[in-house]
A.B. asks: 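Structure in structure tokens, see below.
Below, chains carry the letters A, B, ... as their sequence lines are ordered, and counting in each starts from 1. Bear in mind that the values here come from a model prediction, so they are computed numbers and not experimental data.
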2 protein chains.
Amino acid sequence: MGRWEPNARKRLAEAALQLYSEQGYEQTTVAQIARQAGLTERTFFRHYADKREVLFAGSPLQELFVTAVATAPPSAPLVDVLGAGLDAASAMFAGRREQVLLRQSVVAAHPELRERELIKLASLASALADALRDRGVPEPTAALAAETVMAVFKVGFDRWITAAEETDMAPLMRDLLDELGKVTARG
Amino acid sequence: MGRWEPNARKRLAEAALQLYSEQGYEQTTVAQIARQAGLTERTFFRHYADKREVLFAGSPLQELFVTAVATAPPSAPLVDVLGAGLDAASAMFAGRREQVLLRQSVVAAHPELRERELIKLASLASALADALRDRGVPEPTAALAAETVMAVFKVGFDRWITAAEETDMAPLMRDLLDELGKVTARG
DNA sequence: ACTGTTGATGACAGTGACTGACATCGACCG
DNA sequence: CGGTCGATGTCAGTCACTGTCATCAACAGT
């Protein structure tokens, strides 16, 4: 046993999500979160850069997505590479619907948190573009594909969240990837 | 002549852009912006919700984009409707390269400003999806098309900004819209 | 056992973004 | 001429976030 209780970061993240969802993001002060986690406000900011980051840090989404894209068969067509990324991303949400729903209801309710979510996805898009370039996909296709697959992910995630009951996310994403054809189809 | 100098909002926006670009966004206080505009800090916040919004409020981008989509010929294929939106958006940047470059260099340099930019584009995507649904485009195609055209816009805008010399934005966007086919093409 | 170092934390003061409440005063209306 | 209105100023307050220094258990080396 150390001098302090372990898992300070985790305790802070859990306290934050609970308080944000119970009494609202704006109504929650960082001092409250820290107190509930048995720490001080100053220590909160040693673990998380700001009041928003506590809901986003530590997500493996980007790594899973990028790794899947980077390790897809070299000869695979671009769509399939993107599909592999979407599959990997989808997998991390399997069986965690309640948890994800709670978190997302908090994020959706506060523009500051939405902003943070969007910049995380933009960072993911940028990392995906890098991975595609590493695979030999030329510009501007790489950047366009990265942004486009994020479009699919956003719409798919929203539909998964909004669905009445729990469903597999991956088929949803695959359907949307096919639907892309309708967007580009010429009259 | 009124009691106060006119165009308070405009003076604040110009002072903000100048100070942000000269001495950095974080190094600039709202009190400085207000003072340079001949006003007080409190008045700044009566015109703009926060220190970031002063760079974004008043842009006609969303209205131009959405109006073009809404007023495209009813029988036009989806891609052409999106193309019309991109054309309208592109038009508002014509001949304003220096101005746009300055502003974008400020925004790109500060994550807080990037976040705000991203949520504005997300709002635009949402408005576009509404406009497409109004045209009779069914879900999930409408949402997907809206997010996808934002992908095109983001990549196109970045390329327009990055280009060595001034070019027409519209052809750039049209090329990317065509490139979308490569993303969805099956092996 | 003694001592020096390290790392996570606490304590505390400070800055600046943002808000609420109230006062001011020229313009405009009747 | 009196009353209302709207944009602004003034001021006090909250809270996110930062810099700095102190604390103290754990650990390593002697």
A.B. asks: Mapping B:Thr40 and A:Tyr48 onto DNA chain D by nearest heavy atom, which one lands closer to the 5' end?
C.D. replies: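 The residue mapped nearer the 5' terminus is B:Thr40.
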A.B. asks: Report the distance from atom CD of A:Gln27 to atom C1' of D:dA16, rounded to the nearest whole Å.
C.D. replies: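 That distance rounds to 15 Å.
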A.B. asks: Between the side-chain atoms of B:Arg42 and the base atoms of C:dG20, is any donor-acceptor pair under 3.5 Å?
C.D. replies: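 A donor-acceptor contact between them is present.
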A.B. asks: Whole angstroms only, please: what is the CZ-P distance between B:Phe44 and D:dA7?
C.D. replies: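 Computing the B:Phe44:CZ to D:dA7:P distance gives 17 Å.
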A.B. asks: Closest to the B:His47 side chain: D:dT8, C:dA17, D:dC17?
C.D. replies: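 The closest nucleotide is D:dT8.
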A.B. asks: Counting only side-chain N and O atoms of B:Arg52, is one of them less than 4.0 Å from OP1 or OP2 of C:dC18?
C.D. replies: yes
A.B. asks: Report the distance from atom CZ of A:Arg35 to atom C1' of C:dG10, rounded to the nearest whole Å.
C.D. replies: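 So the two atoms are 16 Å apart, to the nearest Å.
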A.B. asks: Between D:dT8, C:dG10, D:dA16, spot the one nearest the side chain of B:Leu39, thanks.
C.D. replies: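 Of the candidates, D:dT8 comes closest.
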A.B. asks: Can you tell me how far P of C:dG16 sits from CD1 of B:Ile33, to the nearest Å?
C.D. replies: 13 Å
A.B. asks: Just to confirm, is there a sub-4.0 Å distance from OP1 or OP2 of D:dC15 to any side-chain nitrogen or oxygen of A:Thr29?
C.D. replies: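 False: A:Thr29 side-chain N/O out of range (4.0 Å or more) of D:dC15 OP1/OP2.
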A.B. asks: A:His110 vs A:Tyr25 aromatic rings, parallel, tilted or perpendicular, using cut-offs 30° and 60°?
C.D. replies: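 Rings of A:His110 and A:Tyr25: tilted, as their planes differ by 30° to 60°.
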A.B. asks: Which nucleotide wins on minimum distance to the side chain of B:Ala8, given the candidates D:dT8, C:dA11, D:dC17?
C.D. replies: D:dT8
A.B. asks: Is there side-chain contact between B:Lys182 and A:Thr184, with at least one heavy-atom pair below 4.5 Å?
C.D. replies: no
A.B. asks: Does C:dG10 have its OP1 or OP2 closer than 4.0 Å to a side-chain nitrogen or oxygen of A:Thr43?
C.D. replies: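 Answer is yes, contact under 4.0 Å.
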A.B. asks: Atom CD of A:Glu41 and atom P of D:dT20: how far apart are they, to the nearest Å?
C.D. replies: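 Rounded to whole Å, this separation is 18 Å.
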A.B. asks: Could you state the atom-to-atom distance from CD of A:Glu112 to P of D:dC15 in whole Å?
C.D. replies: 14 Å
A.B. asks: Want to settle it: does B:Asp50 or B:Arg46 sit nearer the 5' end of DNA chain C, counting the closest nucleotide to each?
C.D. replies: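 Looking at the nearest nucleotide for each, B:Asp50 comes out on the 5' side.
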A.B. asks: Between C1' on D:dG19 and CD on B:Glu26, what's the gap in Å once rounded to a whole number?
C.D. replies: 15 Å
A.B. asks: Does a side-chain N-to-carboxylate-O contact under 4.0 Å join A:Glu26 and A:Lys51?
C.D. replies: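 So A:Glu26 does not pair with A:Lys51 through a salt bridge.
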A.B. asks: Under 3.5 Å, is there a donor-acceptor pair between the B:Gln32 and B:Gln27 side chains?
C.D. replies: no
A.B. asks: Rounded to the nearest angstrom, tell me the gap between atom CG in A:Leu12 and atom P in D:dA16.
C.D. replies: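 From A:Leu12 CG to D:dA16 P: 14 Å.
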A.B. asks: Which is true for A:Arg9 with a 4.0 Å heavy-atom rule: it touches a base, it touches only sugar-phosphate, or it touches nothing?
C.D. replies: nothing
A.B. asks: Is the ring pair B:Phe153/B:Phe157 parallel, tilted or perpendicular, if the boundaries are 30 and 60 degrees?
C.D. replies: parallel
A.B. asks: As a test of reading the structure: which of D:dG9, C:dT19, D:dC21 is closest to the side chain of B:Phe45, going by heavy atoms?
C.D. replies: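 The answer is C:dT19, which lies nearest to the side chain.
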